[in-house]
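This is a predicted model, so every value here is computed, not measured. Keep in mind that the numbers below use all heavy atoms, side chains included, and drop hydrogens, waters and symmetry copies. Just follow the structure's listing: the first ligand is 1, and inside any ligand the first atom is 1.
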Amino acid sequence: MRQGKLFIISGPSGTGKGTICKRIIALDPDIVLSVSVTTRDPREGEEHGREYFFINREEYMKLLDEGGLLEHASVYGETLYGTPKEPVVKWLEEGRDVILEIDVQGAFQVRDNYPDCVLIFVLPPSMEELKARITGRGTENEENIAARLAEAEGEIRLSDRYDYRIVNEDIDQATRDLYDIIKKEREA
Ligand code: 5GP
């Protein structure tokens with residue numbers, strides 16, 4: 001049976017990559033979106049097991065020590081994020097394509113272990129637009145917004161090491177662009 005393919009989607013906070021990924025999985029039942037673990041608090045409207053598994057530091061460290069994470073990273077200083085390994089391995093064996101929505105540090109870790117994976121970076125139309133989107137979301141404080149913008153600049157610099165880059169000027173177009181890449185890579 002065909003092995004599934006692993007797609008990694010990264011991009012600064014506020015680029016809309018989450019929305020694009022949700023649309024893709026709604027379009028195609030053979031694609032699954034991995035749910036990460038994180039030590040950050042849920043935002044309003046987020047649900048345990050849907051956006052993330054919200055766990056404490058102790059639970060996170062236990063999972064990490066047991067080898068239960070495919071990759072892991074500390075993003076914005078204190079907050080820890082990681083991809084649970086078991087479901088991803090199972091989905092790939094079942095022939096399902098898997099999307100990981102993770103940061104650049106995690107993406108390069110995964111590529112070291114799964115050289116066949118495809119790295120796709122979602123860019124904002126401009127830094128001004130990115131700032132407006134993060135601020136407009138109203139979920140972050142001043143300090144956090146500044147940290148996210150600084151992080152964004154660093155990530156964008158590393159995006160030339162990705163296989164593809166998509167500019168999210170228009171969400172429908174960006175979704176089509178990502179789906180086209182997935183379809184092409186599946187056949188490769
Ligand atoms: P947020 O807190 O806004 O949901 O996500 C912050 C950043 O963490 C985003 O860039 C997101 O891609 C990244 N992230 C989310 N889950 C994971 C994960 O499991 N591993 C890694 N390395 N980064 C993650």
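Within the 4.5 Å cutoff, the side chain of D97 has heavy atoms near those of the R2 side chain.
Heavy-atom proximity to R43, at under 4.0 Å, picks out these atoms of ligand 1: 1 (P), 2 (O), 3 (O).
Only the side chain of K17 comes within 4.0 Å of ligand 1, counting heavy atoms alone; its backbone N, CA, C and O stay farther away. Counting heavy atoms under 4.0 Å from ligand 1, residue R40 touches it through the side chain alone. At a 4.0 Å heavy-atom cut-off, ligand 1 does not touch E155 at all. Residue contacts with ligand 1, taken as heavy atom pairs separated by less than 4.0 Å, do not involve E151 at all.
One side chain, D103 or Q105, offers a donor N or O that lies under 3.5 Å from an acceptor on the other.
The closest donor-acceptor contact from the side chain of Q109 to the backbone of H72 lies under 3.5 Å. Between the side chain of S10 and the backbone N or O of I102, at least one donor-acceptor pair lies under 3.5 Å.
Here's the thing with R148: one of its N/O atoms is less than 3.5 angstrom from an N/O atom of ligand 1. No N or O atom of V37 sits closer than 3.5 Å to an N or O atom of ligand 1. Residue contacts with ligand 1: S36 is placed with a nitrogen or oxygen under 3.5 Å of a nitrogen or oxygen of the ligand (distance criterion only). The distance criterion of under 3.5 Å between nitrogen or oxygen atoms is met by Y81 with respect to ligand 1.
Surrounding CD of E143 are at most 12 heavy atoms belonging to other residues, nucleotides or ligands under 6.0 Å away.
With respect to E46 and R50, no salt bridge is recorded, no charged nitrogen being found less than 4.0 Å from a carboxylate O. Contact check on D160 versus R165 returns no salt bridge, with no Lys/Arg side-chain nitrogen under 4.0 Å from an Asp/Glu carboxylate oxygen.
For the pair G82 and ligand 1, a heavy-atom separation below 4.0 Å is found. Residue contacts with ligand 1 include E71, since one of its heavy atoms falls under 4.0 Å from the ligand.
Once rounded to the nearest 0.5 Å, the distance linking CG of L27 with CZ of R176 reads 10.5 Å.
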